[in-house]
Amino acid sequence: MPDLKESIKSGIVTMMREAAFNVPRDVREALQRAYEIEDNPVAKANLKAILRNIEVSGKTKLPMCQDTGTPTFFIELGEDFPLKSELRSLIEEAVRTATSEIPLRPNAVDPWTYKNSGDNTGRYVPIIHLELVPGSEMKVIYLAKGGGSENTSKLYMLSPVLGLKGIKRAVIDAMLDAGPKPCPPIVVGVGVGGSADMALKLAKKATFRRLDEPNPDPKLAEIEQELLEKINSLGLGPMGLGGKTYALGVKIEWAHKHPASLPVGINTQCWAFRRSEAVFDSSGNMKLLVPP
Amino acid sequence: MAEYRLRTPISEEDVRKLKVGDIVYLDGIIITGRDQVHRRALELAAKGEKDKVPVNLEGMALYHCGPIVKKIDDEWKIFGFGPTTSARMESVEADFIREFKVRLIIGKGGMFEKTTQGMKEYGAAYLAYPGGTSAVATSAVKRVVDVHWLDLGTPEAMWVVEVENFGPTMVAIDSHGNNLYTDVLSKAKKVAEEIKAKF
Ligand code: SF4
């Protein structure tokens with residue numbers, strides 16, 4: 001039997017490699033649709049370049065984007081999974097290996113000295129969100145998060161009297177402020193409620209729901225659809241140079257909140273939405289779910 | 001809207017033909033320059049030592065890009081050649097165009113009023129390279145001709161790169177005072193006011 005730790009490590013490296021040269025199928029399909037419905041020549045040229053880039057990256061194994069992202073993991077860890085507290089150091093090792101093998105651009109910089117660690121690890125990096133769940137499996141979502149699209153994240157601590165109207169306005173304001181910066185078309189994650197930190201985390205988590213999968217709550221599904229249409233009607237288009245598609249999808253997650261607060265977190269994912277998902281069984285065997 | 005295939009260096013006459021919304025593909029030499037190249041070159045210009053800038057930039061295309069490079073068998077190879085955010089260069093770009101007579105600035109995310117005015121006055125245009133499409137950009141690289149100022153680090157150094165059919169790039173700021181980014185954004189702001197009022 002292969003060593004459990006080795007299997008997990010090499011599984012994580014594989015996940016990172018898969019994400020480096022591809023975007024998930026739903027994102028690819030949404031970009032293709034955006035290209036087909038577009039009639040603005042500049043927007044069409046932008047979308048064509050993006051689609052070609054995805055193809056070229058897959059074939060040549062040249063990085064999709066020169067910013068190969070901040071390694072970020074969302075993990076659901078089964079309580080009976082045979083490995084727990086060692087997980088962080090295993091993932092760190094996997095990130096080091098992936099950074100030199102794939103290779104990835106080292107993106108972990110000390111905020112005080114600006115010294116680059118050189119291997120994508122450092123204090124709290126890779127970023128790991130861990131949740132304990134029943135069972136013996138481990139589900140991992142890996143995200144290579146681009147800096148440009150992380151910079152257009154927003155947190156609004158709204159007055160609760162503003163309610164849904166306030167939430168919708170905040171989303172529109174965030175898009176105006178983002179403009180061309182997050183390399184649109186983007187996926188917009190909206191996290192409502194919880195606390196300041198929770199709203200932002202939920203916003204990022206929300207973007208992982210497949211684009212063709214509507215919100216399970218019909219009321220929220222309607223709001224997502226409305227926001228998507230309104231955002232695109234702004235005419236910002238791909239790369240903020242005009243056109244029909246600025247956002248590929250709007251995804252909402254929520255939590256209960258304090259009566260006196262209404263936190264709204266917004267996260268944006270660039271078109272180079274490099275993520276992979278996999279499940280590890282208790283022997284360390286990995287099943288890759290996303291991509292292809 | 002027109003489509004052009006241009007070879008660098010470019011004359012002022014050619015650059016004045018470009019209008020926002022045109023699509024341009026480039027052949028020839030392009031030179032990378034981001035934050036530190038701007039700083040150093042302008043410092044030299046201020047001291048009257050422009051001749052210490054190692055490349056003649058007149059008529060050239062300056063690319064806001066910090067490439068991913070690797071030296072293989074004594075030869076530099078480029079693995080990532082996508083654009084970086086141009087906004088960081090806004091405060092100095094108009095001066096850079098005036099001092100060095102570059103005709104094309106290539107980057108992503110656009111530039112603002114000061115650069116737009118500088119481009120109008122000195123005859124230059126801004127080409128938007130589709131953000132993040134690094135693989136396509138890299139495959140347009142023919143070879144690294146030279147590199148200067150490596151002491152700034154590989155992303156910040158001045159790379160002299162020969163490209164073929166580099167693009168598509170879109171003219172987002174032309175030499176007539178038009179800026180596609182600000183046009184699109186100001187329209188979007190008006191639409192947003194109507195949308196927000198109806199929520
Ligand atoms: S925002 Fe995304 S696509 Fe754009 S440069 Fe950053 S990582 Fe690349």
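All values reported here derive from a predicted model rather than from experimental measurement. When reading the values below, keep in mind they use all heavy atoms of this one structure, side chains included, and skip hydrogens, waters and symmetry mates. Chain A is the first sequence line, chain B the second, and so forth, proteins listed ahead of strands; every chain is numbered from 1.
- Heavy-atom distances place no part of B:T85 under 4.5 Å from chain A, backbone and side chain included.
- In this structure, the portion of B:K108 lying under 4.5 Å from any heavy atom of chain A is its side chain and not its backbone.
- Within the 4.5 angstrom heavy-atom criterion, atoms from both the backbone and the side chain of A:N46 approach chain B.
- The part of B:A128 that comes within reach of chain A is its side chain, from C-beta onward, which places non-hydrogen atoms under 4.5 angstrom from that chain.
- In this structure, the separation between NZ on B:K70 and CH2 on B:W76 is 11.5 Å, given to the nearest 0.5 Å.
- Between chain A and the options B:D22, B:I68, B:I23, B:D183, heavy-atom pairs under 4.5 Å are most frequent for B:I68.
- In this structure, the portion of A:E226 lying under 4.5 Å from any heavy atom of chain B is its side chain and not its backbone.
- Interface check for chain A: of the options B:G109, B:G66, B:A87, the most heavy-atom pairs under 4.5 Å are formed by B:G109.
- Under the 4.5 Å side-chain criterion, counting only non-hydrogen atoms from C-beta, A:N40 is not in contact with A:K244.
- Annotation: the span from A:I50 atom CD1 to A:L31 atom CG amounts to 6.0 Å, rounded to 0.5 Å.
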Problem set entry | Audit row: A:E150, A:K204, salt bridge (Lys or Arg N to Asp or Glu O under 4.0 Å) steps and yes/no | CA-CA 10 Å; A:E150 189 67 0; A:K204 191 169 276 177; 2.9 Å; yes

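- Per-residue heavy-atom pair counts under 4.5 Å with chain B were compared for A:R169, A:K165, A:K230, A:R52, and the maximum is reached by A:R169.
- For a residue to count as touching a neighbouring chain, one of its non-hydrogen atoms must lie under 4.5 Å from one of that chain's; by this rule A:K168 touches chain B with backbone and side chain alike.
- In terms of modelled atom types and a separation under 3.5 Å, the side chain of A:S57 and the main chain of A:I54 share no donor-acceptor contact.
- With chain B as the partner, the residue from A:C270, A:G242, A:P63 showing the most heavy-atom pairs under 4.5 Å is A:P63.
- Note on A:G235, A:A272, A:A45: by heavy-atom pairs under 4.5 Å with chain B, the leading option is A:A45.
- Comparing B:A137, B:G110, B:P83 by heavy-atom pairs within less than 4.5 Å of chain A, the highest count is held by B:P83.
- Residue A:L176 touches chain B through both its backbone and its side chain, counting heavy-atom pairs closer than 4.5 Å.
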For this session: Could you give me the CA-CA distance, side-chain angles and deciding distance for A:R17 and A:E101, then say whether salt bridge (Lys or Arg N to Asp or Glu O under 4.0 Å) is met?
Result: CA-CA 9 Å; A:R17 193 187 300 278; A:E101 276 182 7; 3.3 Å; yes

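- Of the possible polar contacts, none joining the B:R103 side chain to the B:A125 backbone as a donor-acceptor pair under 3.5 Å is found.
- Contacts with chain A were tallied for B:S139, B:G21, B:G80, B:G131; B:G131 has the most, counting heavy-atom pairs under 4.5 Å.
- No donor-acceptor pair closer than 3.5 Å links the side chain of B:N178 to the backbone N or O of B:V20.
- Contact of A:C183 with chain B is made through the side chain alone, with heavy-atom distances under 4.5 Å.
- For the residue pair A:G243 and A:P238, the shortest heavy atom distance occurs at CA-CD, 4.2 Å.
- Pairing each heavy atom of B:L152 with each of B:V37, the nearest pair is CD1-N, 4.4 Å.
- Heavy-atom pairs under 4.5 Å with chain B peak, among A:K48, A:M175, A:M64, A:R105, at A:M64.
- Of the residues considered (A:W271, A:Y246, A:F21), A:W271 shows the highest number of contacts with chain B, using heavy-atom pairs under 4.5 Å.
- The backbone N or O of B:C65 lies less than 3.5 Å from no partner atom in the side chain of B:T84, so there is not a single donor-acceptor pair.
- Ranking A:L62, A:T68, A:T60, A:I231 against chain B, the residue ahead of the rest is A:L62, based on heavy-atom pairs under 4.5 Å.
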